Undergrad: 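Have a look at this one.
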There are 2 protein chains.
Amino acid sequence: MTPVAKRKMERRKTFNDYIAKKQLKSTKQRDIIFNEFFNYYIGRHVTVEELYEDIKRSNPSIGFATVYRTLKLFKESGIASERNFGDGKARYEPIRSETEHHHHMICTECGDIVEFANMQIESCLHQVAKLNEFNVKNHKLEIYGLCSSCGES
Amino acid sequence: MTPVAKRKMERRKTFNDYIAKKQLKSTKQRDIIFNEFFNYYIGRHVTVEELYEDIKRSNPSIGFATVYRTLKLFKESGIASERNFGDGKARYEPIRSETEHHHHMICTECGDIVEFANMQIESCLHQVAKLNEFNVKNHKLEIYGLCSSCGES
DNA sequence: TTTATTATTGATATTAAATATCAATATCGT
DNA sequence: ACGATATTGATATTTAATATCAATAATAAA
Ligand SMILES: [Mn+2]
Ligand SMILES: [Mn+2]
Ligand SMILES: [Zn+2]
Ligand SMILES: [Zn+2]
């Protein structure tokens, strides 16, 4: 089995377990949204509206509220992250593995998003927290500026 | 002259220069808001609503829109920063010096905000940007969790 | 100082995203 | 198949941010 296929099953299981634990129900709509989101939006950062417009093409009967609620469910169950890049709209992205962690550089000109991870930053940050006796739950780091295409740099 | 008094004059000048450059006008309201904000909110992170409620007590005729627009003006002129800590409300804080730069740890329990600065993080971050040919305009780093009072750590 | 020009003010309206409501319907354990 | 409970989709509400606009204030010109 490919790593991608393996991860697919993992996510499915995590979601199903969450559904079971919370005594929720499996529905056609949730399946459709799950498939669309995890098949086509890996490595992307999609707004609720965008995903809704996308899904509507193949499934016109699905409502915005359902997409909204389902993305929230993905987040709660730990298979998706919510991101906020300062344009007032929440964005969602699939979590690629149990351990992955990354941050973002956002181009203010073209909207392009570059992801990065840096161990040194992570350890500094936890060190600072420890020094202040601060119990870290999560953190965000965003760099705004011009990407290589847009900037003179 | 104390450093605080010196900084006070600097800010005033920066603001006046901005007013002049943009061909705006000095007004009583702007003076009142300026004084309240820079006398009482150094090191704090105030919402528009909070500052408005505060100012209304001594100056009941000042409108919310004016406070809103004036804080925006402070930001544009470079004497205040706008912050967003994920509760959906913009917050403003006076900039303490021309060169200062810091980030925030936000307690999700009591709302307390701890500031910190870390040179190593800053240089790592610029290194990452350089590597990606990304021209940095600004950046934000926020740590969410439990402060020393609220957390078991 | 008076007048003319232009920006500001404060009340109110609008926008937009997030979230709540609810009757009809689907899911699931028995 | 039945009954209990969760879900759906349409719509309404909330809330922060921002736009509108007539009255007013600030500055420049006469
Ligand atoms: Mn990402
Ligand atoms: Mn601060
Ligand atoms: Zn990190
Ligand atoms: Zn920094």
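Because the structure is a prediction, the values reported are computed rather than measured. Computed from heavy atoms alone, side chains included, the values below leave out hydrogens, waters and symmetry copies.
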Undergrad: How close or far is atom P of D:dT7 from atom CD1 of A:Ile32, stated in whole angstroms?
TA: 16 Å

Undergrad: Would you verify whether the NZ or CZ of A:Arg12 falls within 45 degrees of the ring axis of A:Phe34 while also being under 6.0 Å from that six-membered ring's centre?
TA: yes

Undergrad: Please tabulate, for side-chain N and O atoms in residues 49-65 of chain B, each donor-acceptor pair with protein atoms closer than 3.5 Å (sequence neighbours left out).
TA:
residue : atom : partner : partner atom : Å
B:Glu50 : OE1  : B:Thr47 : N            : 3.0
B:Glu50 : OE1  : B:Thr47 : OG1          : 3.4
B:Glu53 : OE1  : B:Lys56 : NZ           : 3.4
B:Asp54 : OD1  : B:Arg57 : NH2          : 2.9
B:Asp54 : OD2  : B:Tyr41 : OH           : 2.7
B:Ser58 : OG   : B:Ile55 : O            : 3.3

Undergrad: Which part of the nucleic acid, if any, lies within contact of B:Gln23, taking any heavy atom under 4.0 Å across all strands shown: a base, the sugar-phosphate backbone alone, or nothing?
TA: sugar-phosphate

Undergrad: Any Lys/Arg nitrogen of B:Lys140 or B:Glu142 sitting under 4.0 Å from an Asp/Glu carboxylate oxygen of the other?
TA: yes

Undergrad: Return the value, rounded to whole Å, for the distance between atom CD of A:Glu49 and atom P of C:dA18.
TA: 10 Å

Undergrad: According to a hydrophobic-cluster definition based on side-chain heavy atoms being under 4.5 Å apart (Ile, Leu, Val, Met, Phe, Trp, Tyr only), do B:Ile79 and B:Val46 belong together?
TA: yes

Undergrad: Taking atom P of C:dT9 as reference, at what distance in whole Å does atom CD1 of B:Ile55 sit?
TA: 12 Å

Undergrad: Salt bridge or not between B:Glu10 and B:Lys13? Use side-chain N to carboxylate O under 4.0 Å.
TA: no

Undergrad: Mark yes when over 12 heavy atoms from residues, nucleotides or ligands other than B:Gln23 sit less than 6.0 Å from its CD; otherwise mark no.
TA: no

Undergrad: Whole angstrom is fine here: how far is it from CD1 in A:Ile62 over to C1' in C:dA26?
TA: 14 Å

Undergrad: Can you check the A:Asn16 CG to C:dT27 P distance for me, whole Å?
TA: 15 Å

Undergrad: Toward the 5' end of DNA chain C, which comes first, B:Lys22 or B:Gly63, by nearest nucleotide?
TA: B:Lys22

Undergrad: I'd like to know whether NZ of B:Lys137 has more than 12 heavy-atom contacts from other residues, nucleotides or ligands below 6.0 angstrom.
TA: yes

Undergrad: Could you give the CG-to-P distance, from A:Leu51 to C:dA18, as a whole number of Å?
TA: 13 Å

Undergrad: Is any side-chain N or O of B:Arg30 closer than 4.0 Å to OP1 or OP2 of C:dT9?
TA: yes

Undergrad: Test salt bridge (Lys or Arg N to Asp or Glu O under 4.0 Å) on B:Lys21 and B:Asp17 and set out the steps.
TA: CA-CA 6 Å; B:Lys21 192 181 65 183; B:Asp17 288 355; over 6 Å; no

Undergrad: State, to the nearest 10°, the angle formed by the axis through the first five base pairs of the helix from C:dT1-D:dA30 to C:dT30-D:dA1 and the axis through its last five.
TA: 30°

Undergrad: Treat primed atoms plus P, OP1 and OP2 as sugar-phosphate and everything else as base, then score nucleotides 11-30 of chain D 5' to 3': B for base contact with protein heavy atoms under 4.0 Å, S for sugar-phosphate contact only, - for none.
TA: -----SSB-B-----BS---

Undergrad: Let me know the distance between CG of A:Asp31 and P of C:dA26, rounded to the nearest Å.
TA: 16 Å

Undergrad: Taking the six-membered ring of A:Phe85, is the NZ or CZ of A:Arg91 close enough (under 6.0 Å from the centre) and on axis enough (within 45°)?
TA: no

Undergrad: Could you state the atom-to-atom distance from OH of A:Tyr52 to P of C:dA18 in whole Å?
TA: 15 Å

